[in-house]
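Below is one structure, written out as structure tokens; the observations come after it.
Computed from a predicted model, the values in this text were never measured in an experiment.
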Amino acid sequence: MSVRLDPAYRASALGTLGEDELDVLVIGGGVVGAGAALDAASRGLSVTLVEARDWAAGTSSRSSKLIHGGLRYLEQRDFALVREALKERGLLLHRLAPHLVRPVPFLFPLRHRVWERAYVGAGVALYDTLGGARALPAHRHLSRRAALDLAPSLDPEALTGAIRYYDAQVDDARHTMMLARTAAQHGATVLTRTKVVGLLRDGARVVGARVRDVESGAEYAVRARRVVSATGVWTDEMHQLTGLPSPFNVRMSKGVHLLVRRDRMRLETGLITTTEKSVLFVIPWGEHWIIGTTDTEWTLDRDHPAASKSDVDYLLDRVNAVLREPLTTDDIDGVYAGLRPLLSGESDDTAQLSREHAVAEPAPGLFVIAGGKYTTYRVMAADVVDAAGRGLGKALAPSVTEQLPILGAVGYHELRDDRESVAQRHGLSVSTVERLLGRYGSAVTDLFGLIEREPRLAEPIPGAEGYLKAEAVYAVTHEGALHLDDILTRRTRISIEAPDRGLAAAAEVAHLVAPHLSWGSGALRREVACYRDRVHAERSAQQAVDDDAANAARLTAPDVVAAAT
């Protein structure tokens, strides 16, 4: 039975928050923070994880959604990082999260004859080798004709041939949320909408934090023998709470992605090509392609990074350079922007900064982890728990997360093999069951339980017909969603997949979940209005000429909690 992160769980957790001293308080509910909470709890430590907004509300829901080693890091000769990331890719694919992480083929078009095929081919061969034998299918060299057979939408003049290789893909927000639920299964207390507003000190030592429940305004003194900050691009803000010099600085790099309808490009594989600044991906995503990414420095609002018209135009220009028929803004259904936390170095170009991570203890009892990349979150989590565990006065067991499946993994393959009979038993199509298994794994049985008790929940959501009504309800009864935005943006991907960004579905979803969240008519209207304002603000930002104007446009929409006060 999986842990239900419902309102009753949250109320109970808040009711005991601060009563006992913890071994570890983890700050930050992104992938590294959730991973650290799981790592510590699975070693037998008492753990509480607090997140100021929602699981993965920052960087961890706005990535390229790839689990990969990073081909471009081979060119930078960062072999250790690539090897580490590819090992983690294999673990996630085959052991830890086979329900959430899946293989994806990519085509690398070649523009030059002879030398480029040898150069890129050698790099991809090394990539396959570092990834481990049989981890994924080996790469293949293709002629121009064979490449065009796989990708008819490519401009024949844009390539002389291609190389096909494999990487992996994940729904980053769902994976992060599942990590938090897995940590809760192992005894951790996990809370969203709980913001750290100060640190507790005993002389120079950090002995906990003051935590504010953003929903009610109540504050709690949470004592902990160790405090772990896994706050990503908010790392510098955590340093400011210590009043001490920062052991390292984190710079923010903005990455923008577009979602384009699948039928606008005839491709049987993803694409990767180089640009003058970074790499360009075209990644299959359900009924869409994800096109990304930009890599530019961002110094403005951390909570709501905004895509500007120049970002959108940049991506369209780069992808159109290899297509027969150019894409236009009319083809775009969704846009999202995220911030990468990069350890600051001497380079002025964020594309050249390291994706490696670092752990520091800026004050006794406070451990900060920063940098890294999504794929290596588990290694980062283990490293910071190793560091924090020293001196606890008891033997700390080694990390076990390399062997610890994430919620939904155990039993997933059996259900998938039996998907036809599962579909028949629950009155759903086989394709629907396959999609649900790829989002919930074996935890889908809980979702089926909701449908059995209330059959109307098997109906599609009006305005977002790719999702069932049960998925919206499940988001608040099991997955910790507290607001409409949590459901439309992170538990589902309606906000970036629907051409209207989810506006038509918003009211229906709000009515579905209102009884479970005790929303009256006023709260329901406020949730829908705040979501609508957010969509309008993002669309306005995407018409702005530069970052400053886009940032100003995006900030016209208040957060839903602020709107309620």
Side-chain angles (χ1 to χ4, degrees), residues 31-32 35-36 38-39 59-60 63-98 100-106 108 118-140 163-170 172 175 179 230 253 270 272 274 278-279 281 283 293 295 340-343 345 347 351-359 369-387 398-406:
V31 69
V32 177
L38 173 58
D39 188 280
T59 302
S60 296
S63 73
S64 294
K65 321 218 182 299
L66 293 176
I67 298 294
H68 66 137
L71 268 178
R72 66 172 170 151
Y73 303 125
L74 284 181
E75 194 167 15
Q76 298 171 5
R77 301 183 184 279
D78 200 342
F79 302 120
L81 175 62
V82 175
R83 183 183 293 108
E84 178 180 79
L86 289 176
K87 176 189 174 184
E88 295 304 308
R89 184 190 70 178
L91 287 172
L92 286 162
L93 273 167
H94 302 300
R95 181 185 301 164
L96 305 184
L100 300 173
V101 179
R102 54 193 56 86
V104 177
F106 283 94
F108 191 111
Y119 179 73
V120 175
V124 177
L126 179 59
Y127 196 70
D128 283 349
T129 302
L130 292 173
R134 296 184 298 279
L136 284 173
H139 75 282
R140 286 184 57 199
I163 295 175
R164 186 180 68 176
Y165 75 100
Y166 279 79
D167 251 321
Q169 182 180 65
V170 67
D172 47 8
H175 172 254
L179 277 175
S253 167
I272 176 175
T274 57
S278 183
V279 294
F281 288 105
I283 308 163
T293 176
D295 195 340
R340 306 176 190 90
L342 304 178
L343 293 181
S347 174
Q352 301 303 316
L353 295 183
S354 174
R355 296 310 303 271
E356 295 183 3
H357 66 271
V359 177
I369 184 159
K373 59 200 297 283
Y374 194 103
T375 302
T376 57
Y377 79 89
R378 193 195 64 80
V379 176
M380 297 170 66
D383 283 353
V384 74
V385 175
D386 282 344
S399 175
V400 297
T401 53
E402 186 172 329
Q403 305 292 330
L404 191 62
I406 293 166

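Residues Ala36 and Ala381 approach most closely at N-CB, 3.4 Å, considering heavy atoms. For the pair Val31 and Ser60, the tightest heavy-atom approach, listed with the atom from each and the gap, is N-OG, 2.9 Å. Across all non-hydrogen atoms, the minimal contact from Ser399 to Asp39 is OG-OD2, 2.6 Å. In this structure, Leu404 and Leu96 approach most closely via the heavy-atom pair O-CD2, 3.4 Å. Contact record, Gly70 with Tyr127: N-OH, 3.4 Å, taken as the closest heavy-atom pair. Heavy atoms only, all atoms of each residue included: Ile67 and Thr375 are closest at CA-OG1, 3.5 Å.
Shown here is Tyr119, whose OH atom has no more than 12 heavy atoms of other residues, nucleotides or ligands within 6.0 Å.
Residues Tyr377 and Leu92 are in side-chain contact: their nearest non-hydrogen atoms beyond the backbone lie under 4.5 Å apart. Asp295 is listed as a side-chain neighbour of Arg340, based on a closest heavy-atom distance under 4.5 Å. Contact check for Leu66 versus Ile283: side-chain heavy atoms found under the 4.5 Å cut-off. Side chains of Leu93 and Leu136 form a contact here, defined as non-hydrogen atoms less than 4.5 Å apart.
Remark: Glu84 engages no residue in a salt bridge (charged side-chain N to carboxylate O under 4.0 Å, His left out) (not counting sequence neighbours). Partners of Asp172 under the salt bridge (charged side-chain N to carboxylate O under 4.0 Å, His left out) rule, at least two apart in sequence or in another chain, are Lys65, Arg493.
For the residue pair His175 / Tyr374, a side-chain donor-acceptor distance below 3.5 Å is found, with atom types taken as modelled.
How far CD1 of Ile272 is from CG of Leu71: 5.0 Å, rounded to the nearest 0.5 Å. Atoms CG and CZ, from Asp167 and Arg89 in turn, are 5.0 Å apart once rounded to the nearest 0.5 Å. Put simply, CZ on Arg140 and CG on Asp128 are 13.0 Å apart, with the number rounded to the nearest 0.5 Å.
Applying side chain to side chain contact (heavy atoms under 4.5 Å, CB included) to Glu88 and the options Arg83, Lys373, Arg378, His68 leaves one that passes, Arg378.
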